[in-house]
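Every chain is numbered from 1, with letters handed out A, B, ... down the list of sequences.
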Amino acid sequence: MAESAERGAEIARLISLLAALPGLGPRSARRAVLHLITRREESLKPLITALTRLDTEMRQCPQCGAIDIRVPCRICADPRRSGEILCVVEHMGDLWALERAEAFRGRYHVLGGALCALDGIGPEDLNIASLLERARNPELREIILATNATVDGQTTAHYLAEKLSGMATVSRLARGVPIGSELDYMDDGTLADALRQRRPF
Amino acid sequence: MAVSLSFSPSSRPDPLWLGRLGLWDFRPHARLEMRMDQRPVILNGENGGGKTSLLEAISFFAPGRGLRRAASREAARHGGEGGWTVSADLHGAPQAPSPLPLGTALPPDPSRRARKTRIGGKSASSPLAFGEILSLLWITPSMDRLFAEGAKARLRFLDRLAAALHPDHAARAASYERAKRQRQRLLEGRAPDKDWLDALEDRMAEEAAQLARTRASLLEDLTRRMAFVRETGFPTARFSLEGDFEKILAAEGGDKAALWLKERLRHQRRLDAHLRRASVGPHRARFSACHLPSGTPAALASSGEQKALLLGILLAAALLMGERKKEAPLLLLDEALVHLDKERREALFRAMITLGLQVWMTGTDAEPFAFLGAKAQFFSVAPGAIRRVS
Ligand SMILES: [Zn+2]
């Protein structure tokens with residue numbers, strides 16, 4: 001009796017962990033856990049393997065700040081990608097959104113967030129020093145600032161444009177990106193257009 | 001007495017109205033559900049019974065703090081789980097299915113401060129999305145002395161009107177405010193980063209010109225509708241919006257004004273750090289009104305005349321919205337009859353009916369609303385309980 005109550009508590013804990021993830025609620029978490037415990041071989045074990053691998057091998061790419069299990073990351077290591085153009089984004093989700101849109105063939109720089117004095121996030125908390133380092137590379141021609149159209153994203157873009165002036169051509173995504181929007185929420189077509197119609201900062 | 005005005009809006013827009021309102025754990029109401037038609041809604045009952053809370057619940061179908069200016073968390077019922085939900089069916093929204101289900105909810109988890117927003121069964125990113133769907137205007141007893149005190153509250157009232165007409169005004173005002181607060185935070189900290197300050201001041205300047213322009217054009221539009229206000233029997237007003245930034249904007253245009261503001265902000269950093277506020281910008285504008293029938297500043301008019309002036313502005317705004325957005329707004333009037341004599345009350349009722357608005361009004365007794373008769377629907381409200389009276 002005590003043992004089954006203990007097991008119940010473990011399952012409840014898993015449900016609450018899943019329910020706390022973005023996009024999931026208690027109901028979908030319960031369904032996911034039910035699925036995992038009834039399909040141990042096809043679902044539970046591969047998930048454990050994938051999570052363990054992610055946990056032990058996940059690294060931040062020293063060049064661009066992206067998260068990958070390779071160092072340097074898949075994109076930095078890809079010789080077909082242009083080293084002449086760099087796209088600066090806030091988060092991995094923004095990088096994924098741009099990759100989904102298949103409109104960009106250069107490399108990325110992931111800041112890890114945006115400047116926000118209210119949350120105490122300053123320049124030293126973001127991957128800005130490594131960006132300035134990369135900007136010194138003479139091969140680099142253009143830097144696209146693709147931070148979000150929020151106050152913090154735009155403030156960060158302005159800050160970076162100031163720091164990067166004289167180093168490379170600095171551009172930003174075309175307007176048409178709605179105010180307050182985050183790249184990850186935009187459809188691929190809109191994002192590709194915003195990228196194509198980018199303007200000098 | 002006939003319930004009509006000689007004035008009739010040229011093409012009367014479809015009124016916006018709520019057909020259903022549901023509350024969960026909101027203020028004194030554990031669970032409450034009511035159904036309405038499109039006539040004005042009169043809520044009567046004892047004080048503390050939760051009449052104003054119903055208006056507040058509706059006011060959360062707009063971005064920001066609601067009609068009590070309370071944080072979302074404060075609206076949670078004592079003894080509840082800490083969260084709340086408000087849902088409604090909206091009729092008459094242009095280019096939307098009717099009825100359109102709306103929902104806004106605060107999760108019980110105290111670490112979550114943002115309200116959830118649902119429109120037409122789909123999640124929206126923030127309550128700003130409500131601004132695209134419906135226009136809400138309100139007045140409360142705390143605004144009775146609006147013209148006599150609190151320049152900030154007056155500006156907030158003006159911005160609320162502007163946001164109801166121009167949905168991006170609210171987002172712009174929020175962006176400006178956020179940049180301003182961050183600048184202040186940096187200024188009051190140790191060794192502020194100059195480039196970061198530049199970037200924030202640039203954000204402020206960029207939003208400022210459009211903010212001030214939208215306010216100014218709203219006041220012009222309202223001024224042009226004073227003939228209608230006179231016809232309703234409410235006092236007409238002349239408005240002014242003054243400030244250093246507004247002066248430059250009017251004289252030199254938006255681009256020059258933005259540059260000017262950036263320069264001023266840069267030069268006043270030390271002063272602003274000391275004052276603990278930004279000493280220049282559209283947030284410092286002084287909005288005031290002159291009570292035209294007496295020719296005196298609104299601040300010097302009697303309480304009754306100030307209230308009437310406010311209601312007149314609201315009626316003009318409702319008319320304007322009907323013309324511009326092809327939708328009559330929802331009006332929430334909390335204890336609005338208090339300072340009005342019988343003549344003014346009837347003038348208000350006639351104007352509401354002429355404009356075809358679903359106005360939500362509260363009052364302890366039903367008697368002062370008797371003039372409306374079958375032109376309105378009456379409810380009696382107590383905590384967690386609502387009863388249709390007629
Ligand atoms: Zn990389």
Side-chain angles (χ1 to χ4, degrees), chain A residues 16 19-28 88 93 111 113-126 128-129 131-132 145 147-167 170 172 175-187 201, chain B residues 63 81 105 107-109 111-114 116-117 122-129 131-132 166-208 210-211 262 266 273:
Chain A
S16 72
L21 297 178
L24 291 181
R27 192 181 302 156
S28 43
V88 181
L111 294 171
L115 292 176
C116 179
L118 301 175
D119 294 337
I121 300 171
E124 64 285 357
D125 301 306
L126 303 173
I128 289 179
L131 174 64
L132 300 180
L145 299 176
T147 50
N148 291 324
T150 55
V151 183
D152 298 351
Q154 293 306 296
T155 301
T156 308
H158 191 277
Y159 178 85
L160 293 176
E162 198 67 38
K163 294 280 184 205
L164 292 166
S165 69
M167 296 170 107
V170 178
R172 62 169 151 190
R175 276 293 185 182
V177 182
I179 288 183
S181 75
E182 297 183 36
L183 296 186
D184 197 20
Y185 286 106
M186 287 170 61
D187 69 78
F201 202 95
Chain B
E81 284 174 33
D109 177 357
S111 67
R112 307 269 298 275
R113 268 175 303 168
K116 289 186 182 171
T117 302
K122 288 194 205 117
S123 294
S125 58
S126 93
L128 284 170
E132 308 282 343
H166 307 273
D168 52 356
H169 188 78
R172 215 177 278 286
S175 293
Y176 177 81
E177 188 62 29
R178 189 175 170 89
K180 176 164 74 70
R181 280 174 55 208
Q182 300 209 35
R183 172 181 179 269
Q184 204 58 36
R185 184 69 66 93
L186 287 186
L187 285 177
E188 292 173 27
R190 270 178 289 115
D193 183 319
K194 299 254 184 322
D195 289 327
W196 193 354
L197 283 170
D198 276 346
L200 287 166
E201 288 163 2
D202 191 67
R203 291 308 321 147
M204 287 173 68
E206 202 160 298
E207 307 293 4
Q210 192 54 48
L211 268 183
K262 248 182 94 168
R266 196 207 307 263

| field | Rounded distance (nearest 0.5 Å) linking atom CG of B:D195 with atom CG of A:L160 | value | 10.0 Å

| query | Quick one: which of B:E177, B:M204, B:R178 gives a side-chain contact (heavy atoms from CB on, under 4.5 Å) with A:V151? | reply | B:R178

| Approximate separation, where rounding is to 0.5 Å, of A:Q154 CD and B:L200 CG | 12.0 Å

| message | Can you confirm whether the side chains of A:D152 and B:Q182 place a donor and an acceptor under 3.5 Å from each other? | response | yes

| query | NE2 of A:H158 to CG of B:D202: how many Å apart, nearest 0.5 Å? | reply | 3.0 Å

| query | Where along residues 183-191 of chain B does a heavy atom come under 4.5 Å of chain A, listed by residue number? | reply | B:R185, B:L186

| query | Side chains of B:D198 and A:Y159: do they bring a donor and an acceptor to under 3.5 Å? | reply | no

